[in-house]
Amino acid sequence: MSKTAEPQTRSLSSRQRCPQASGLECLAPLVRSAEETPDPIPTTIKGTIPPWINGSFLRNGPGKFEFGTDRYTHWFDGMAMMHRFHIREGNVTYSSRFLRSDSFVENSEKNRIVVSEFGTLAMPDPCKNIFARFLSRFQTPKPTDNANVNFVKYKGDYYVSTETNYMRRVNPQSLETKEKVDWSQYIAVNSASAHPHYDRDGSTYNMGNSYSRSGFFYNIIRVPPPEEKAAMEDSADLSGAKVICSIPAADPRKPSYFHSFVMSENYIVFVEQPIKIDLLKFMLYKIQGKSFSKVMTWEPQHATIFHLVNRHTGKKSEVKYYTGPMFTLHQINAFEDSGFLVMDMCCGDDGELIGEFTLENLRRNSGEEIDEFYNSLCRNLPRRYVLPLTVDEQTPADENLITLHNCKATARMTKPGEVYMTHEELHNDELLQFGGLEFPQINYGQFNGRPYRYFYSCGFGHVFSDSLLKMDVHTKELKAWRYPGLYPSEPVFVASPKATEEDDGVVLSVIITPREEKSTFLLVLDAKTFSELGRAEVPVNIPYGTHGVFNEMG
């Protein structure tokens with residue numbers, strides 16, 4: 001279904017609502033290559049690290065931005081670097097390793113960039129003759145296995161993941177790189193996201209793409225729980241993985257980009273947003289000497305479509321849910337309530353953000369240069385959309401179907417089988433002073449897919465996050481941790497072993513700064529009060545990263 005965005009009186013965009021910045025500092029030190037620390041080193045503890053925390057805080061992200069004289073163009077292109085803060089009895093050690101992906105190994109052997117990444121096209125081998133170099137332009141570029149986005153888990157094993165068809169299994173204790181895993185060897189998909197969801201029965205859900213002569217499809221994948229006998233084998237195991245639902249793209253020539261998806265206890269929602277991948281340009285981009293990032297376009301003339309799927313049966317709803325053009329990378333949580341599906345997500349009004357994170361932009365000088373770039377960026381804010389689950393022939397038209405108490409989101413049936421939705425802002429004006437938010441996390445183990453109250457995130461008063469935030473979705477009240485010159489990573493919640501309340505536990509985040517060399521620290525906040533309990537200082541430089549997890553078995 002290709003639908004034009006419904007005309008409506010639009011309020012100020014998320015960028016216009018947040019204040020303009022002035023006098024921002026240069027962040028170039030946060031996006032330079034780092035050295036790995038393969039053997040664990042001690043940290044200096046300030047304050048107190050609660051002795052009940054027992055495990056490893058694992059982080060991923062780009063950590064090497066050049067080989068020889070070749071330089072990567074985009075931040076997403078940097079070679080994956082894995083970090084481990086091992087916490088036990090109030091003490092913390094740190095280690096890190098580069099992922100030994102095929103991309104990393106081949107680039108290292110040749111001392112130049114030989115594998116194309118998201119924003120950097122690998123140049124033909126200069127040792128080849130002119131004719132061979134010309135022909136190499138017409139070869140389909142192979143997907144990278146530079147898995148620098150997230151740590152994910154399937155059947156009890158840890159993998160690092162990006163958004164191609166390749167993952168790498170890793171040892172979460174030693175950060176050793178293990179075998180490369182190709183999704184297409186298990187199921188008919190050409191890629192998979194780096195943000196799966198985990199069911200309480202041990203199974204894992206994810207989204208992948210596939211394309212063939214019959215069209216372009218978004219596929220919901222289910223990987224079953226581990227079997228007891230499989231636990232003895234030290235090898236990747238995605239056996240039993242199935243595509244439970246295939247959703248055809250609204251425009252098979254221009255499918256939508258996606259980074260994550262929505263899951264509640266009974267449903268999965270795929271958000272088809274108007275960030276489009278032009279498949280014709282994709283086929284031609286190497287011939288034209290362009291990187292993959294150039295084939296993505298923001299097309300706000302199209303609506304955003306919500307595809308509702310029962311995750312137990314794989315059946316897709318016949319109802320078409322849609323809203324105006326918006327951009328989302330990360331969902332916060334989703335849950336069912338009295339015949340409605342409540343979805344909370346970080347959303348913006350401009351989808352041109354992704355291609356802008358070039359290293360040239362991120363390394364702009366302090367003041368006017370970096371101010372101009374930051375002020376041009378979309379700001380993401382938390383929104384709530386509500387899908388009515390019982391729409392049929394008797395549903396009244398042009399009447400707000402949302403009857404949840406104190407809910408400002410709306411849903412109206414505009415014609416039989418089509419429902420247009422507007423969102424509720426899930427914040428008050430105080431949040432705007434923090435530049436919006438991203439990287440949301442919740443008490444996932446207990447509250448994912450269920451009614452919840454709190455989420456934790458990064459505030460973006462700079463190009464990279466410069467604060468940590470705790471949001472109460474009932475009252476929209478905000479707690480914040482923010483200090484000049486300190487840039488936190490995505491906060492990860494760890495529940496205390498005797499927790500009786502949702503925010504009983506700690507929030508972990510890695511803090512880096514461009515102002516001092518080797519002054520990184522692991523921050524531990526009390527999740528309830530959002531006050532600092534302690535920090536573990538480590539004398540290394542860590543680049544700004546992407547996502548992380550807490551491995552309790554560490």
Side-chain angles (χ1 to χ4, degrees), residues 55-63 74-85 96-101 103-104 117-118 143-172 175 177-178 180-183 189 191-198 204-209 221 223 236 238 257-263 328-333 345-346 354 357 438-442 444-445 448 455-458 464-465 488-494 508-510 542-552 554:
S56 296
F57 185 32
L58 305 173
R59 297 264 316 141
N60 197 357
H74 199 282
W75 177 53
F76 294 174
D77 301 341
M79 293 290 99
M81 190 176 198
M82 302 173 288
H83 310 267
R84 177 180 185 246
F85 289 85
S96 64
R97 284 181 186 263
F98 284 112
L99 179 71
R100 262 55 179 187
S101 60
S103 299
F104 180 89
E117 300 290 341
F118 173 78
T144 181
D145 65 337
N146 176 33
N148 64 5
V149 178
N150 204 1
F151 278 87
V152 298
K153 208 170 182 181
Y154 296 97
K155 295 191 174 187
D157 280 334
Y158 274 102
Y159 299 78
V160 285
S161 178
T162 180
E163 296 183 333
T164 68
N165 57 309
Y166 293 125
M167 298 187 298
R168 277 282 184 170
R169 195 165 69 96
V170 294
N171 182 317
L175 302 181
T177 302
K178 297 194 172 185
K180 181 167 73 171
V181 177
D182 183 349
W183 275 104
V189 296
S191 68
S193 91
H195 285 288
H197 274 293
Y198 306 102
T204 306
Y205 290 81
N206 205 345
M207 294 287 307
N209 287 336
I221 304 162
V223 179
L238 294 183
Y257 169 77
F258 63 91
H259 186 71
S260 63
F261 62 100
V262 177
M263 189 172 93
T328 182
L329 282 174
H330 301 111
Q331 64 120 18
I332 302 167
N333 198 12
M345 300 182 289
C346 294
I354 294 175
F357 273 61
E438 256 296 348
F439 293 146
Q441 289 279 338
I442 61 169
Y444 191 95
N448 184 55
F455 74 89
Y456 313 91
S457 64
C458 288
F464 286 144
S465 53
S489 72
E490 170 189 63
V492 170
F493 176 85
V494 182
L508 305 178
S509 177
V510 178
I542 294 180
Y544 191 80
T546 46
H547 297 287
V549 297
F550 184 74
N551 176 23
E552 291 186 29

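As a basis for the values below, the full set of heavy atoms in this structure was taken, side chains included, without hydrogen atoms, waters or symmetry mates. Along the sequence shown, the residues carry numbers beginning at 1.
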Engineer: Out of curiosity, F57 CZ to S509 OG, how far, rounded to the nearest 0.5 Å?
Structural biologist: 6.5 Å

Engineer: Assign the ring pair F118 / H74 to parallel, tilted or perpendicular, where the plane angle (0 to 90°) is split at 30° and 60°.
Structural biologist: perpendicular

Engineer: Quick one, V152 with Y198, criterion side-chain contact (heavy atoms from CB on, under 4.5 Å). Give me CA distance, side-chain angles, the key distance, then yes/no.
Structural biologist: CA-CA 10 Å; V152 298; Y198 306 102; 3.8 Å; yes

Engineer: Does some side-chain heavy atom of M167 sit less than 4.5 Å from a side-chain heavy atom of W183?
Structural biologist: yes

Engineer: How far apart are the closest heavy atoms of Q331 and S260, and which atoms are they?
Structural biologist: N-OG, 3.8 Å

Engineer: Is any side-chain heavy atom of D145 closer than 4.5 Å to a side-chain heavy atom of T164?
Structural biologist: no

Engineer: Walk me through whether F455 and N333 qualify under side-chain contact (heavy atoms from CB on, under 4.5 Å).
Structural biologist: CA-CA 9 Å; F455 74 89; N333 198 12; over 6 Å; no

Engineer: To the nearest 0.5 Å, how far apart are OH in Y257 and CG in N209?
Structural biologist: 10.5 Å

Engineer: Evaluate the side-chain proximity of P62 to T546: yes if any heavy-atom separation is below 4.5 Å, no if none is.
Structural biologist: yes

Engineer: To the nearest 0.5 Å, what is the distance between OG on S56 and CG on N551?
Structural biologist: 5.5 Å

Engineer: Using the side-chain contact (heavy atoms from CB on, under 4.5 Å) definition, which of the options E490, M345, Q441, H547 pairs with H330?
Structural biologist: H547

Engineer: Any side-chain heavy atom of C346 within less than 4.5 Å of one from I332?
Structural biologist: yes

Engineer: Heavy atoms only: give me the nearest C458-S489 pair and the separation to one decimal.
Structural biologist: SG-O, 3.4 Å

Engineer: Before giving the answer on side-chain contact (heavy atoms from CB on, under 4.5 Å), spell out for H259 and V149 the whole-Å C-alpha distance, their side-chain angles and the decisive distance to 0.1 Å.
Structural biologist: CA-CA 11 Å; H259 186 71; V149 178; 4.2 Å; yes

Engineer: Show your working on side-chain contact (heavy atoms from CB on, under 4.5 Å) between L238 and Y154 and close with a plain yes or no.
Structural biologist: CA-CA 7 Å; L238 294 183; Y154 296 97; 3.7 Å; yes

Engineer: Whether the side chain of S161 engages the backbone of A147 through a donor-acceptor N/O pair (distance < 3.5 Å, no angle test) should be reported.
Structural biologist: no

Engineer: Less than 4.5 Å apart, any side-chain heavy atom of E438 and any of S465?
Structural biologist: no

Engineer: Can you tell me which residue among V181, D182, T144, N146 is in a side-chain contact (heavy atoms from CB on, under 4.5 Å) with Y166?
Structural biologist: D182

Engineer: Would you compute the distance between atom CD1 of I542 and atom OG of S96 and round it to the nearest 0.5 angstrom?
Structural biologist: 7.0 Å

Engineer: With a 3.5 Å cut-off and no angle check, do the side chains of N206 and S193 form a donor-acceptor pair?
Structural biologist: yes

Engineer: For the side chain of R168 and the backbone of K178, is there at least one donor-acceptor N/O pair under 3.5 Å apart?
Structural biologist: yes

Engineer: Calculate, to the nearest 0.5 Å, the distance between atoms CD and CG belonging to E163 and N150 respectively.
Structural biologist: 10.0 Å

Engineer: Do M207 and H197 have side-chain heavy atoms sitting under 4.5 Å apart?
Structural biologist: no

Engineer: Flag the pair R97 / T177 as yes when at least one side-chain heavy-atom distance between them is below 4.5 Å, and no otherwise.
Structural biologist: no

Engineer: Is there a side-chain contact between L99 and N148, using heavy atoms and a 4.5 Å cut-off?
Structural biologist: no

Engineer: Measuring from atom CG of L175 to atom CE of M81, what distance do you get when rounded to the nearest 0.5 angstrom?
Structural biologist: 10.0 Å

Engineer: Applying the side-chain contact (heavy atoms from CB on, under 4.5 Å) criterion to M82, which one of F151, F98, Y158 satisfies it?
Structural biologist: F151

